[in-house]
Student: 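Below: one structure in structure tokens.
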Amino acid sequence: MEHPVHKLLEWYQRNRRDLPWRRTKDAYAILVSETMLQQTQVDTVIPYFRRFMTEYPTVGALARADQEAVVKHWQGLGYYSRARRLHSAAQMVVDEFDGRVPSSLEQIRQLPGVGAYTAGAVLSIAYDLPTPAIDGNVLRVMARYLGVREPVRQASVLCLIEDTMQSWIQLVSPGEFTQAVMELGALVCTPRNAACLVCPLVDSCYAHDLGEVDVIPAKTEKKARRKANVGALWIEKNGSILVERRKPSGLLAGMWQLPAVEYNGSEDVTSHLHPLLEELYTEGGQPSVEESTAPYLVPMATERHLFSHVEWSVTVYRPVGLTLDLGVAQASTDRMWCSLADLEKLAWPRVYEKLLERLIGERVKI
DNA sequence: AAAACGGGGGC
DNA sequence: GCCCCAGTTTT
């Protein structure tokens, strides 16, 4: 009897989506797409991939690019360390691998940002090597197919799935196989409401046999999301806005924002923004702010933003009643004045992108 | 082994 | 609103 993997491949040939990165075998393009596709859905990635490949059509072009510009092209996609690592990876490819994305597992794994999944995906899709790529889709498809009730992250389960994938990928074209399993997970064997009726593997699917497609893989318990407020400042002078760069590590590392402080929801915003204002004055070489000059903080706009582990409520305040002038020269390289027109040249987190859009839009009316 | 890291799409 | 995001690196 025919092995089920052949039915899977047949299904894939008939049902595969025409995605931009499926029109090439260029390992660099595959690397870009797989990096973007980490934790990010296909429909979100498509426009980013097109723009990125137009801007950086070759690994050499990316390697030569300014990292700030690369991150700017990543704006809104999230997990910005991916962009920086991809940029570093391109430089490593040029400097150490003669400009070619490595085709050996050992070498490609040396590239920053390339873990087990991405390595397997690039090697199988671009070079047709039998190295399985196991992502969330694959894990779900295989856990169901094999009828695994244990948590999928359990080492024994991962070994079983890896072994199965390793044996299956030998039977067909590795590149087609990798994409076929993931496509099945994306289109048929979905997290909820799996379309078993049209699944090419239904005849031999253990979870379907057990009637447990809906409970496999086992759900993991979710952690509570911390709440935090962010107070940001809209400080305008001579048509320019004061902006700052976030710290080089941690959340939204290196991204631009309005000068801001994060504080606990139970605390008072002025007790946090006044010290920040003080700092800005001191940095500008001005005498410290006297109590009598302490400004009112007029709220201009608020946006809520959800991360996986924290919920932000960001409010932008305009200080009113300042009797002192901020100095133009800023000692810190992490803060600068930016003209309204140039704001869009910086890389902003989504939440600030939304806020700026509102603020600049309103400003026109004023 | 667990936590950190963004953002959006599906329902 | 709550669910999904195995992906890589850091701690």
Side-chain angles (χ1 to χ4, degrees), chain A residues 31-48 71 74-89 108-122 131-144 148 151-162 164-165 178 181-182 185-195 214-228 230 246-257 303-312 314 347-354:
Chain A
L31 175 61
V32 171
S33 68
E34 290 300 339
T35 302
M36 288 184 170
L37 287 163
Q38 292 168 12
Q39 312 286 38
T40 311
Q41 297 192 346
V42 165
D43 289 341
T44 305
V45 166
I46 288 173
Y48 283 88
V71 174
W74 213 270
Q75 177 176 303
L77 206 47
Y79 286 118
Y80 300 100
S81 63
R82 289 183 297 176
R84 297 194 173 86
R85 290 180 185 133
L86 180 61
H87 180 240
S88 299
I108 200 170
R109 280 296 310 265
Q110 293 173 24
L111 301 178
V114 176
Y117 164 76
T118 307
V122 173
T131 51
I134 299 176
D135 74 344
N137 287 318
V138 175
L139 211 56
R140 183 176 58 256
V141 169
M142 297 306 286
R144 285 174 177 168
V148 174
V152 285
R153 295 173 190 248
Q154 198 171 300
S156 58
V157 173
L158 294 180
C159 284
L160 172 63
I161 291 177
E162 278 173 26
T164 307
M165 291 289 289
T178 291
V181 184
M182 294 196 288
L187 300 182
V188 174
C189 196
T190 49
R192 281 162 306 186
N193 305 325
D214 292 336
V215 296
I216 294 177
K219 311 291 183 253
T220 56
E221 78 284 12
K222 56 186 180 297
K223 283 167 298 187
R225 185 181 273 133
R226 174 174 65 88
K227 287 188 179 182
V230 175
R246 292 179 61 83
K247 293 183 316 228
S249 65
L251 186 64
L252 299 167
M255 303 295 281
W256 290 92
Q257 64 179 16
E303 282 281 351
R304 288 158 48 79
H305 189 79
L306 296 175
F307 301 96
S308 51
H309 57 301
V310 59
E311 176 179 345
W312 266 8
V314 185
W348 301 87
R350 185 65 105 198
V351 62
Y352 281 96
E353 210 183 333
K354 291 178 183 170

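Every chain is numbered from 1 and lettered A, B, ... according to where its sequence line falls, protein lines coming before strand lines.
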Student: Nearest whole Å is fine: how far is C:dG1 C1' from A:Arg304 CZ?
Tutor: 11 Å

Student: Who is the Watson-Crick or G-U wobble partner of B:dG6, with both distances under 3.5 Å?
Tutor: none

Student: Does the side chain of A:Leu77 come within less than 4.5 Å of A:Met36's, by heavy atoms?
Tutor: yes

Student: Rounding to an integer number of Å, can you tell me how far A:Gln154 CD sits from C:dA6 P?
Tutor: 17 Å

Student: A:Val114 near the nucleic acid: base, sugar-phosphate alone, or nothing, with a heavy-atom cut-off under 4.0 Å?
Tutor: sugar-phosphate

Student: Under a 3.5 Å threshold, yes or no: a donor from one side chain and an acceptor from the other, between A:Glu34 and A:Tyr117?
Tutor: yes

Student: Using the C1' atom on both, measure B:dA1 against C:dA6 and round to a whole Å.
Tutor: 15 Å

Student: Counting only heavy atoms not in A:Arg304 (residues, nucleotides, ligands), do more than 12 fall under 6.0 Å from its CZ?
Tutor: no

Student: With DNA chain C as reference, determine whether A:Ile134 or A:Arg109 sits nearer its 5' end, using the nearest nucleotide of each.
Tutor: A:Ile134

Student: Separation of A:His87 atom NE2 from C:dT8 atom P, in whole Å?
Tutor: 20 Å

Student: Roughly how many Å is it from CZ in A:Arg140 to P in B:dG10, rounded to a whole number?
Tutor: 14 Å

Student: To the nearest 0.5 angstrom, please state how far the CG atom of A:Leu139 sits from the CE atom of A:Met182.
Tutor: 13.0 Å

Student: May I ask you to test the A:Tyr79-A:Gln38 pair for a side-chain heavy-atom distance under 4.5 Å?
Tutor: no

Student: Round to a whole Å and report the spacing from CE of A:Met142 to C1' of C:dA6.
Tutor: 14 Å

Student: I need the OH-C1' distance between A:Tyr117 and C:dC5, as an integer number of Å.
Tutor: 12 Å

Student: Measure the shortest side-chain to side-chain distance between A:Thr40 and A:Arg82 over non-hydrogen atoms and say whether it is less than 4.5 angstrom.
Tutor: yes

Student: Let me have a per-nucleotide readout for nucleotides 1-9 of chain B, 5' to 3', with B, S or -, counting only protein heavy atoms under 4.0 Å.
Tutor: --S-BBBBS

Student: Out of C:dC4, B:dC11, C:dA6, which nucleotide sits closest to the side chain of A:Asn193?
Tutor: B:dC11

Student: Tell me: CG of A:Leu86 to P of C:dT9, nearest whole Å?
Tutor: 12 Å

Student: Which value, in whole Å, describes the distance between the P atoms of nucleotides B:dG6 and C:dC3?
Tutor: 22 Å

Student: Can the ring centroids of A:Trp312 and A:Phe307 be said to lie less than 6.0 angstrom from one another?
Tutor: yes

